[in-house]
Amino acid sequence: QVRLVESGGGLVQAGGSLRLSCAASGRTFSGYAMGWFRQAPGKEREFVAAVSWSGDNTIYADSVKGRFTISRDNAKNTIYLQMNSLKPEDTAIFYCAARRVTDVSYHRYAYNYWGQGTQVTVSS
């Protein structure tokens with residue numbers, strides 16, 4: 001079992017930045033691709049970004065390309081999501097997810113472990 005704990009959410013004005021972190025613990029983190037998803041009130045959970053185990057491959061939702069950057073530090077069992085130029089429509093609970101293979105996926109059902117989420121609120 002992998003336990004994922006997100007942090008770094010909060011309230012920010014439009015145009016501002018936040019950096020989310022997701023720390024993994026439990027059984028080995030090794031070989032897992034990781035992703036970020038988000039869920040706004042009344043909407044389905046949607047893909048935001050993902051990074052392969054090696055960090056060489058990253059993918060993004062069109063809505064965040066050029067504004068968000070996903071990265072990972074395998075020595076610290078942690079992944080990050082740097083979010084710049086935030087917009088009110090980015091307001092959501094952001095979830096970290098782990099996938100028991102090395103490469104990325106856009107699909108939430110491809111991920112095996114989930115964190116509890118961290119709230120991000122962007123005011124206009």
Side-chain angles (χ1 to χ4, degrees):
Q1 188 77 9
V2 172
R3 182 168 178 255
L4 305 174
V5 179
E6 303 95 337
S7 62
L11 174 64
V12 63
Q13 287 189 331
S17 298
L18 282 174
R19 187 194 196 204
L20 305 184
S21 299
C22 171
S25 61
R27 62 178 295 167
T28 181
F29 184 65
S30 178
Y32 285 29
M34 302 291 294
W36 287 98
F37 289 74
R38 65 186 181 187
Q39 188 166 17
K43 295 189 176 181
E44 291 197 357
R45 193 170 299 190
E46 65 175 6
F47 172 79
V48 175
V51 59
S52 62
W53 159 246
S54 67
D56 290 345
N57 189 19
T58 57
I59 54 174
Y60 296 91
D62 287 343
S63 59
V64 307
K65 277 181 184 175
R67 300 189 298 123
F68 291 9
T69 302
I70 189 171
S71 61
R72 66 189 298 159
D73 184 340
N74 289 340
K76 295 182 178 179
N77 287 347
T78 301
I79 68 165
Y80 306 96
L81 185 69
Q82 178 66 45
M83 305 187 295
N84 299 328
S85 302
L86 282 161
K87 304 175 182 180
E89 52 262 44
D90 293 316
T91 295
I93 299 174
F94 280 70
Y95 296 91
C96 172
R99 185 165 186 248
R100 285 193 300 251
V101 295
T102 58
D103 211 354
V104 297
S105 173
Y106 291 94
H107 305 294
R108 63 178 178 168
Y109 299 108
Y111 291 81
N112 306 104
Y113 303 103
W114 292 84
Q116 293 300 305
T118 186
Q119 176 71 48
V120 171
T121 303
V122 184
S123 63
S124 57

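Not measured: the values here are computed from a predicted model.
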How about CD on Gln119, more than 12 heavy atoms from neighbouring residues, nucleotides or ligands closer than 6.0 Å, or not?
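Yes - once you tally the heavy atoms of other residues, nucleotides and ligands closer than 6.0 Å, there are more than 12.
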Are Phe94 and Val51 connected into the same hydrophobic cluster when the rule is that any two of I, L, V, M, F, W, Y join if their side-chain heavy atoms are below 4.5 Å apart?
yes
Grouping I, L, V, M, F, W and Y whenever their side-chain heavy atoms are under 4.5 Å apart, do Val48 and Tyr32 come out in a common cluster?
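Yes; Tyr32 is reachable from Val48 via cluster members.
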Can you name the closest pair of heavy atoms from [X] and [Y] and give their distance?
| X | Y | value |
| --- | --- | --- |
| Ala98 | Met34 | CB-SD, 3.5 Å |
| Leu20 | Val120 | CD2-CG2, 4.0 Å |
| Pro88 | Ala14 | CD-CB, 4.1 Å |

Partners passing side chain to side chain donor-acceptor pair (under 3.5 Å) against Arg45 (at least two apart in sequence or in another chain):
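Arg45 satisfies side chain to side chain donor-acceptor pair (under 3.5 Å) with Gln39 once adjacent residues are dropped.
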Could you name each residue pair satisfying side chain to side chain donor-acceptor pair (under 3.5 Å) that touches residues 6-26, not counting sequence neighbours?
Ser17-Asn84
Any side chain to side chain donor-acceptor pair (under 3.5 Å) involving residues 102-114? Give me the pairs, sequence neighbours left out, ordered by first then second residue.
Asn57-Asp103, Arg100-Tyr113
Starting at [atom1] of [X], measure out to [atom2] of [Y] and round the result to the nearest 0.5 Å.
| X | Y | atom1 | atom2 | value |
| --- | --- | --- | --- | --- |
| Thr69 | Leu81 | OG1 | CG | 8.0 Å |
| Thr58 | Asp56 | OG1 | CG | 9.5 Å |
| Ser52 | Arg99 | OG | CZ | 11.0 Å |
| Thr118 | Trp36 | OG1 | CH2 | 7.5 Å |

Quick one: ring pair (Phe, Tyr, Trp, His ring centres under 6.0 Å) pairs with a partner in residues 48-81, sequence neighbours left out?
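Every pair satisfying ring pair (Phe, Tyr, Trp, His ring centres under 6.0 Å) with a residue in residues 48-81: there are none.
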If we only count heavy atoms from C-beta on, is the Leu4 to Tyr95 side-chain gap below 4.5 Å?
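The answer is no; the side chains never approach within 4.5 Å.
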Under the rule for side chain to side chain contact (heavy atoms under 4.5 Å, CB included), what residues qualify as partners of Val12, not counting sequence neighbours?
Leu18, Leu86, Val122
Among residues at least two apart in sequence or on other chains, which ones pass side chain to side chain contact (heavy atoms under 4.5 Å, CB included) with Ser63?
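With sequence neighbours excluded, Ser63 shows a side chain to side chain contact (heavy atoms under 4.5 Å, CB included) to Arg38, Ala61, given in chain and number order.
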Between Lys87 and Asp90, is there a salt bridge with N-O shorter than 4.0 Å?
no
